[in-house]
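Report on one structure; see the data block that follows.
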Amino acid sequence: MAKYLLIESRDPFESNDVENHYALASSLAKDGDTVTLLLVQNGVLPARKSARTEALEKVAKAGVEILADEFSLRERGIDAARLPASVKKAALDVVIDHLEDGRKVVWY
Amino acid sequence: MATKKKLTFALMDPPFENARTVTTMRLIDIAARRGHEIIVFAYEGAVGHAFAKQAKHANAAHGHDLAQEDHPLAREWVANILAASQAAGGKIDWINCGLCVDERGVGEFIHGTRRGSPADLLKAAEGSDNSLVIGTRG
């Protein structure tokens, strides 16, 4: 099965396309692919407890690993210690790690 | 240190516009510091990143003169990435799409970047271990 890194940089409160991206991640994972969803920039906002956090939790339940760029979290005053259990902070280096590993990396 | 790879990045966003540019530069910088062989294909507004005539400015609203404002310039970020790559034993071929350059009149590039064509992107993608396209999004 394929391995994917999907990068989401948009705020789900601003763009409904983010939900479609979450759905893509979930579908790939349910099909047996290895999927990581990396949140960057305003894409990290649902990692702060809010009305959009539940959608992120559903993605994790589908088997997607969810990471949040620690720099983007700090910029937005989101305490990494208070992230939902389904979201782990990560350095942006993870993108290069996955490119090196040959994963399909897609930035939405 | 992982085995050195050949990685292609295609950039579309113009400088001075959005956070995606900063994230993109951070990514290429990480790859450069790992000594990878990198191809950057800048197209559409992204050809402005390496434009040599970008200039710092004072900011009267902030009450800052030129030195105090210390305005960040994309061309300096590009130059720093090129230097980081060289220091790490890597290599960067920074290509500015000629069609997009001509449309915008930004043909004066900083040293270490060059003019190219969309065909270069195809060759780069075919010859790379992996590629990442960073397109403009609404």
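A note on names: the letters A, B, ... follow the listed sequences, proteins ahead of strands, and every chain is numbered from 1.
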Next on the checklist: Can you confirm whether B:Leu132 sits close enough to A:Val95 that some side-chain heavy atom of one is under 4.5 Å from a side-chain heavy atom of the other?
Outcome noted: yes
Item to check | A:Glu75 side chain reached by B:Val22 side chain, heavy atoms, under 4.5 Å | outcome: no
Should [X] and [Y] be counted in the same cluster of Ile, Leu, Val, Met, Phe, Trp and Tyr side chains packed under 4.5 Å apart?
X        : Y        : answer
B:Ile81  : B:Ile110 : yes
B:Leu82  : B:Leu11  : yes
A:Val106 : A:Leu39  : yes
A:Leu6   : A:Val59  : yes
B:Ile134 : A:Leu99  : yes

Item to check | Which atoms of B:Leu7 approach chain A - backbone, side chain, both or neither, heavy atom under 4.5 Å | outcome: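 Only the side chain of B:Leu7 comes within 4.5 Å of chain A.
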Checklist entry - So which part of B:Ser131 gets closer than 4.5 Å to some heavy atom of chain A, the side chain, the backbone, both or neither? => result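 Backbone only.
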Should we say atom [atom1] of [X] is surrounded by more than 12 heavy atoms from elsewhere, each under 6.0 Å from it?
X        : atom1 : value
A:Lys89  : NZ    : no
A:Lys30  : NZ    : no
B:Glu103 : CD    : yes

Write down the atom of [X], the atom of [Y], and the distance for their closest heavy-atom approach.
X        : Y        : result
A:Gln41  : B:Thr23  : OE1-OG1, 2.6 Å
B:Val133 : A:Trp107 : O-CB, 4.0 Å
B:Asn130 : A:His98  : ND2-O, 4.1 Å
B:Ala31  : A:Ile96  : CB-CD1, 3.9 Å

Next on the checklist: Below 4.5 Å, heavy-atom pairs only: which of A:Asp69, A:Ile7, A:Val40 has the largest tally toward chain B?
Outcome noted: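 Of A:Asp69, A:Ile7, A:Val40, A:Asp69 has the most heavy-atom pairs under 4.5 Å with chain B.
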Checklist entry - Quick one: CG on B:Asp129 to CG on A:Asp101, what's the gap to the nearest 0.5 Å? => result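 Separation between the atoms: 11.5 Å.
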Item to check | Note: B:Arg34-A:Asp97 ion pair, threshold 4.0 Å (strictly below) | outcome: yes
